[in-house]
Amino acid sequence: MRRGRATFTSRFGFYMAAAGSAIGLGTFWRFPYIAGANGGGGFVFLYVFAVAIIGLSVLVAELMLGKVTRFNVVGALSYRSWVGKSKGWRFFGILGLAASFVILSYYTIISGWVIHFVVQAAAGKFTRSDMSSGIVIDQLMAKTILQILLVSVHLIVTMSIVGRGVQDGIEKSSRVFMPLLFLIVLFLLGHSMFLPGAREALRFMFYPDFSRLSTMGLIEAVGHALFSLSLGFGAMVAYGSYLRPEVHLPSEAVFVSVIDTILSLCAGMVIFPIVFTANVAPNAGPGLLFKTLPVIFGQFAMGYWVALAFFVCLYFAALSSSISLFEGLVAYFMDEKKLTRSGATILVSGISLVLAVFTVASETSVINVTIAGRTMLEVADQYLINWTLPVVALGVSLYTGFKVPDDIRRQEFIDEANPAAVKLYPTWVAMVRWFIPALIIFAMAIQVSWFIF
Ligand code: PFF
């Protein structure tokens with residue numbers, strides 16, 4: 001094990017940072033809209049199942065690769081003592097880093113929108129009587145310079161945190177943002193649960209009506225489970241590399257998966273009651289959050305505060321996830337290209353800015369431009385999440401299952417004080433060696449056959 005790498009100072013610090021990575025725009029924006037588009041309950045059920053079966057096992061694998069090698073995802077996937085000089089496995093790591101850049105190109109844009117929405121909410125825009133659907137987002141999307149400015153603000157905030165390092169930047173900020181985010185979600189839940197549409201919303205979300213589910217829903221559930229736990233990018237490998245040697249991986253992974261799933265469900269329980277109370281369709285697609293919701297806030301007694309709390313919470317979520325996306329890349333440039341932390345942070349911010357500017361400039365409206373009936377966002381999103389992430393997860397699973405020596409895996413997985421881990425070990429190994437690869441290959445084969453025919 002290499003010495004001299006920074007570590008999280010406490011388990012709580014790691015929990016907050018890892019939960020911060022997992023809980024993001026995917027939780028509050030993507031999950032409700034894909035659950036809505038896939039008919040609700042049946043999809044939610046599948047998603048929870050995918051997190052428990054696939055997400056959790058891959059999360060243990062990613063954290064383990066980082067913790068044992070103390071490298072970024074590319075370094076961990078080409079660890080000399082396990083693969084010798086063979087470079088093939090690195091491909092999966094590089095794919096994960098490429099995915100991080102692609103996602104940063106729109107994650108930063110949407111984070112910029114959220115900053116704008118916070119300001120608009122604070123100015124009372126959403127409770128004004130002349131609010132109409134989509135007006136705020138449409139106006140914003142017509143202003144390229146303003147969007148670039150907002151992206152820059154978000155990048156500067158992210159950069160200033162990541163640049164301070166693991167303990168003083170990432171851990172410290174997550175310890176503040178995440179508890180605040182949980183409090184805001186509690187307030188919003190308290191509000192939503194008393195709305196007239198709450199009953200119908202809960203039924204929509206939790207009654208598993210599988211007749212409304214398609215095979216695509218199944219693939220989306222797996223893709224979103226990976227995305228939601230920040231898997232397939234290298235972020236969790238980097239966070240794993242900052243864990244202290246005595247930390248027990250399965251319990252850390254269970255904590256992160258459970259808290260992320262609870263928050264996704266809470267996000268649905270905050271948003272759908274609002275949507276049902278206002279009598280709008282729950283399947284409005286990516287515009288659900290930025291077009292549909294803002295019009296509704298004005299109809300509530302506490303609308304001003306609900307709108308403000310909602311968008312502040314969304315910003316904390318976006319920021320803590322952006323931080324971990326950054327860190328996965330920064331760790332790569334520091335380990336493999338020998339850059340300093342400041343140099344790596346500036347480089348990643350610069351590339352993200354260029355990508356975001358390019359995206360903003362080429363699409364005056366990321367939501368409205370369509371290709372074959374799908375918005376640009378949906379297309380980027382779908383290719384990345386349903387294709388790239390599963391491929392990286394496939395590589396990580398096979399590598400952990402076949403290349404990491406059994407004694408190392410055992411030592412990391414099994415905690416003598418925890419008999420459940422002893423029993424679960426063979427199941428986990430079978431999962432990463434056979435079950436997860438088989439399932440991912442099957443899902444890919446279905447998608448390829450759709451593509452061809
Ligand atoms: N898990 C985040 C979300 O649900 O929004 C997305 C994400 C964040 C993916 C950070 C990857 C990552 F490194």
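Just follow the structure's listing: the first ligand is 1, and inside any ligand the first atom is 1.
In this structure, atom 7 (C) of ligand 1 lies nearest to the protein heavy atom Ser230 OG, 3.6 Å. Closest protein heavy atom to atom 10 (C) of ligand 1: Ser324 OG, 3.2 Å. Here the heavy atom of the protein found nearest to atom 11 (C) of ligand 1 is Phe233 CD1, 3.2 Å. Here the heavy atom of the protein found nearest to atom 13 (F) of ligand 1 is Ala235 CB, 3.0 Å. Of the protein's non-hydrogen atoms, Ala22 O, 3.1 Å is the one closest to atom 4 (O) of ligand 1.
The contact set between ligand 1 and Ser21, taken as ligand atoms under 4.0 Å from a residue heavy atom, comprises 1 (N), 2 (C), 8 (C), 10 (C). Of all atoms in ligand 1, numbered sequentially from 1 with element shown, those under 4.0 Å from a heavy atom of Leu325 are 10 (C), 11 (C), 12 (C), 13 (F). Near Leu25, with a cut-off below 4.0 Å to any heavy atom, the atoms of ligand 1 are 5 (O). Within ligand 1, the atoms closer than 4.0 Å to a non-hydrogen atom of Ser228 are 1 (N), 4 (O), numbered from 1 in the order shown. Against a heavy-atom cut-off of under 4.0 Å, Gly26 is close to the following atoms of ligand 1: 3 (C), 4 (O), 5 (O). Listed by number with element, the atoms of ligand 1 under 4.0 Å from a non-hydrogen atom of Tyr107 are 2 (C), 3 (C), 5 (O), 6 (C).
The aromatic ring centroids of Trp113 and Phe117 lie 6.0 Å or more from each other.
Taking every heavy atom of both residues into account, Gln147 and Met141 meet most closely at NE2-CA, 3.5 Å. Heavy atoms only, all atoms of each residue included: Glu220 and Asn386 are closest at CA-OD1, 4.0 Å. Between Ser320 and Gly20 the shortest heavy-atom distance is OG-O, 2.9 Å.
Between Leu229 and ligand 1, no N or O atom pair is found at a separation short of 3.5 Å.
Looking only at distances, no side-chain donor or acceptor of Ser21 sits under 3.5 Å from a matching main-chain atom of Ala17.
Salt bridge absent: Arg11 and Glu246 never bring a charged side-chain N and a carboxylate O closer than 4.0 Å.
The 12-atom threshold is exceeded at CZ of Phe402, counting heavy atoms of other residues, nucleotides or ligands nearer than 6.0 Å.
Side-chain contact annotation: Gln167 with Tyr242, donor-acceptor N/O pair under 3.5 Å absent.
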